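Please read the structure below before turning to the comments.
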Amino acid sequence: MNLSAVSVTKPSESQKNVFSFRLNGLKISIDENTGSILEIAAPSETIFLDASPNRSSIIDLSYPMKQFEPLRLASRFSENPKIEQSEESVTIPWEKLGASRKFIPHGDVSASVRFRAAPDKHSVIMTCMIKNMSDQSIPQVLFPDLMGLLPFDGEDNTRLRTAAFEVAPFNILKPNDETVPFYATGLLHKGNGWVEYKSGKYRSFSQKLVDWLDFGGVNRGFSLFAKRWGPEDPNASIMLHRSETDGKIRLLFAHSITIAPGEEWESDEYWLTPHQHGWAEGIEPFRTWVKRNWARKYPLPEHIKKGMGFRTVWMTKGVANDSLDAIYRYNDLPRLAKESKQHGLNEMVIWFWCPYLQLPVQTLDHLGTEQELIDAVAECKRLGVNLNLFISVLYLADPTASRYGLTPTKEASWTYHPELIPIFNPPYASWNWSVLAVQNDPKWQADVLASVKKFIDLGLTSFVWDVFSATPTKPNLYDLTAKIRNAALARDPQAVFAGEGGDDIGEDYKYLDYTWNWNWNWPTYNDFRAFTSVFPAPRLNVNIDNSAKVVKYCFADNAYMNIMPSAPDGINASDLIVNHLEVSKALQQCAKLRQQFLPYFENGKLIGNCILTRDCDSTHVSAYVLPDRVLMIMINEAEERNIKFECDPAYWLYSETGKYKVNNFNSDGQLIESDKNVPDKWHGTTIKLKHLDMAIYEFLVK
């Protein structure tokens, strides 16, 4: 037997009926009576999962019989599986999955779960197979189903992280004793301590990108991902439940599928990777898989790659034919571009420069002539700012909709204006009722391409697409996008294509340079660092109106800022940046720092706070790794203080001497201290930092 892959542990007297084995050092203990997982422990012996026999699992199916629709078939209800082992794997087969009640299915449902040592010699691969030999369909599979997860880094610091957000699950799932909602729907109360994060297409922005997750803290935990992306399993979701009985968490992947009588279903491969240096260590197998399976169709424009963000400008309040609604004219754009450049922004997006939901796309007379727009775009480019045109032609209003045989409805209305009450879709206003275009309609595709091509030929080559969501039926939006991108890049090799995307981020990745989404950072700042660490594009936008704090978070995390300040009582993106003093100062400060440390942001590996060896309270920490150096940025979230921290650069940056040179910079990028003999495990203290001040440390091999 290859002991580096699999080794079997003999149970102690107190662990009778427990089969324990190690795969690549990860210990897994199985209840021999049921086949459920009782324990998962890291090679370091940190116990991640500790379950009792009656509250344990690995696989769970819904099996709604007429006599009892809630019936479940699961490992914990099963008996005496014959555990099989080989040199590289352990398999648990159930000839007949047991039921949660005494109702007996007509025919057996068998299953098997296989644990296999991954070739990276670090991870464990989990797969399952289900054979439905009964006379009815199975509508749901829960796998992997990990019941009994512990707060091994404390309830505050044991985190669930996906590529789109981070939460403290033990805290958010605590019951609320001050309210009495209906138990079946009232979140976090009496048996309904569940949260669900959905993957695939057509999910809310805050719940996307959950096919990879991490559970743990800065110095221990595990990552878990499925070898799939988005629409390949469009109904998959992550669900978590905290038990009121023992306080432990159940984490599972739920698959809403149909396994018909006589059919088999095989899961994707799930890679579980234990780590001791935070999520940035655990994400490496996922990074490797992405590099092998996804490739950009178009290179990221240099100014997008190097830039820290863009500015959005709303030209009008929204009514295309009313000159009194105008906020800016085309000839104002160079002035706005100059202000953008002064604040470190080299990209500018303009909204309502044309009538929306209509074809052909054309300029608005009361904003200026077409030639004035062409001249403004050229002048902005001379100033170092690329002007990007926001277009909206996937949803159509009349009269355009009727030309394609489509009927707008109030359910798809985009009727809004600050003088309406309510502002959005009041019952008496209907001018922007709309309908979704048929993407494979050759006439619609030809008309859109002709409209866009007209502006490309005039030198306006960059576009932001409103609602970038492709249908499976071809030719679809991806096919049209390829034609637009090819035409634009033939005219301008640095032409940009962005979009309100993310329904299928794995495919959007190939086409979009950045996103223009409303909900990425609503209602609070979302932590995209895991996504940014793996995917160079699309750069995910974070919308900023008047928050210097979010500007600094974006700088530290390499998130793509969308600066869109609103005037008092005004609409989005209607004001000058200089009228928002703290944002203006933060942008200029961060722009200088980004240029000073640009190689880290452009080519470094983002590892977030994983350089730390313990959590640093009220401090936002992000670090970047280059082959010969590491950069750590710290933002003080509390009142004025010195921050004490512990870090270990050695895992990320090897030094033969075990010593490092450390340069310490202040918020303005000034070198304030240099130490040539810092050990690999370093206890440091910052200078006194005010609220939102930054301390920047650069580690170099000595």
Side-chain angles (χ1 to χ4, degrees), residues 5-6 21-28 30 35-37 39-42 48-49 51 56-61 74-75 88-93 111-130 140-149 160-163 196-200 209-216 221-240 249-257 259 264-275 279 281-290 292-293 506 530 534:
V6 182
F21 58 94
R22 288 186 182 271
L23 289 160
N24 285 342
L26 185 77
K27 180 184 177 184
I28 301 175
I30 302 295
S36 293
I37 295 179
E39 183 181 273
I40 298 177
F48 299 145
L49 182 151
S56 58
S57 189
I58 180 57
I59 188 169
D60 188 323
L61 318 178
S75 58
E88 295 186 347
S89 67
V90 171
T91 302
I92 307 169
S112 65
V113 170
R114 186 185 184 206
F115 301 91
R116 179 163 54 94
D120 67 359
K121 299 189 182 301
H122 191 50
S123 306
V124 172
I125 302 170
M126 298 181 288
T127 54
C128 83
M129 170 75 79
I130 297 167
Q140 182 194 65
V141 176
L142 310 181
F143 176 81
D145 184 7
L146 305 179
M147 189 182 290
L149 290 171
L160 172 74
R161 176 186 290 273
T162 75
E196 181 178 17
Y197 303 107
K198 295 185 177 181
S199 179
L209 312 175
V210 298
D211 290 316
W212 172 89
L213 65 84
D214 187 81
F215 194 88
F222 64 87
S223 291
L224 181 63
F225 80 95
K227 280 195 171 182
R228 62 147 190 270
W229 194 267
E232 293 181 19
D233 191 355
N235 297 312
S237 63
I238 297 170
M239 300 184 70
L240 293 96
I249 278 182
R250 180 183 186 184
L251 184 156
L252 58 87
F253 281 75
H255 310 270
S256 296
I257 57 176
I259 308 175
E264 297 182 0
W265 180 81
E266 186 172 3
S267 74
D268 299 294
E269 288 187 0
Y270 283 84
W271 284 52
L272 190 153
T273 308
H275 59 73
W279 63 264
E281 179 187 3
I283 205 171
E284 285 303 319
F286 181 63
R287 183 196 309 280
T288 300
W289 180 65
V290 168
R292 290 173 179 170
N293 288 276
V534 172

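Nothing here was measured: the structure is a model prediction, and the numbers come from that model.
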Set of residues satisfying salt bridge (charged side-chain N to carboxylate O under 4.0 Å, His left out) with respect to Glu284, sequence neighbours excluded: Arg287, Lys605
Minimum heavy-atom separation for Met147 to Ser56, with atom names? SD-N, 3.4 Å
Side-chain touch Leu251/Leu160, heavy atoms, less than 4.5 angstrom: yes
Side-chain heavy-atom pair Phe48, Phe222 within 4.5 angstrom cut-off: yes
For Pro274, does its backbone N or O pair with a side-chain atom of His122 as donor and acceptor, under 3.5 Å? yes
What is the distance from atom CG of Leu272 to atom OG of Ser223, rounded to the nearest 0.5 Å? 8.5 Å
Note: Pro144 and Met126 closest approach over all heavy atoms is CG-CE, 3.8 Å
Could you give the distance from CD1 (Ile30) to CD1 (Ile92), rounded to the nearest 0.5 Å? 3.5 Å
For the side chain of Asp60 and the backbone of Ala74, is there at least one donor-acceptor N/O pair under 3.5 Å apart? no
Tell me the closest heavy-atom pair linking Ala111 and Ile59, and the distance in Å. CB-CD1, 4.2 Å
State whether the side chain of Ser75 and the backbone N or O of Gly35 hold a donor-acceptor pair below 3.5 Å, judged by distance alone. no
Would you indicate whether the side-chain heavy atoms of Val113 and Ser36 approach each other to under 4.5 Å? no
Is a side-chain donor or acceptor of His255 paired with a backbone partner of Phe143 at a separation under 3.5 angstrom? yes
Do Trp289 and Val534 touch side chain to side chain, with heavy atoms closer than 4.5 Å? no
How long is the span from the CD atom in Glu266 to the OG1 atom in Thr127, to the nearest 0.5 Å? 6.5 Å
Could you give the distance from CD (Gln140) to CD1 (Ile257), rounded to the nearest 0.5 Å? 9.0 Å
Could you tell me whether the side chain of Leu149 reaches within less than 4.5 Å of the side chain of Leu49, counting heavy atoms only? yes
About how many Å separate CG of Asp268 and NZ of Lys227, when rounded to the nearest 0.5 Å? 10.5 Å
Is there a side-chain contact between Ile238 and Phe253, using heavy atoms and a 4.5 Å cut-off? yes
Which atom names give the shortest non-hydrogen contact between Arg116 and Leu23, and what distance separates them? N-CD1, 4.1 Å
Could you grab the distance from atom CG of Asp145 to atom CG of Leu61, nearest 0.5 Å is fine? 10.0 Å
In short, Thr273 meets Ser123 closest at the heavy-atom pair OG1-OG, 2.7 Å
So, applying ring pair (Phe, Tyr, Trp, His ring centres under 6.0 Å) with Phe286, which one of Phe225, Trp271, Tyr270 is it? Phe225
Between Ala530 and Arg161, what is the shortest heavy-atom contact and its length? CB-CD, 4.4 Å
Determine whether a donor-acceptor pair (N or O, by modelled atom type, separation under 3.5 Å) exists between the side chain of Asp214 and the backbone of Ile283. no
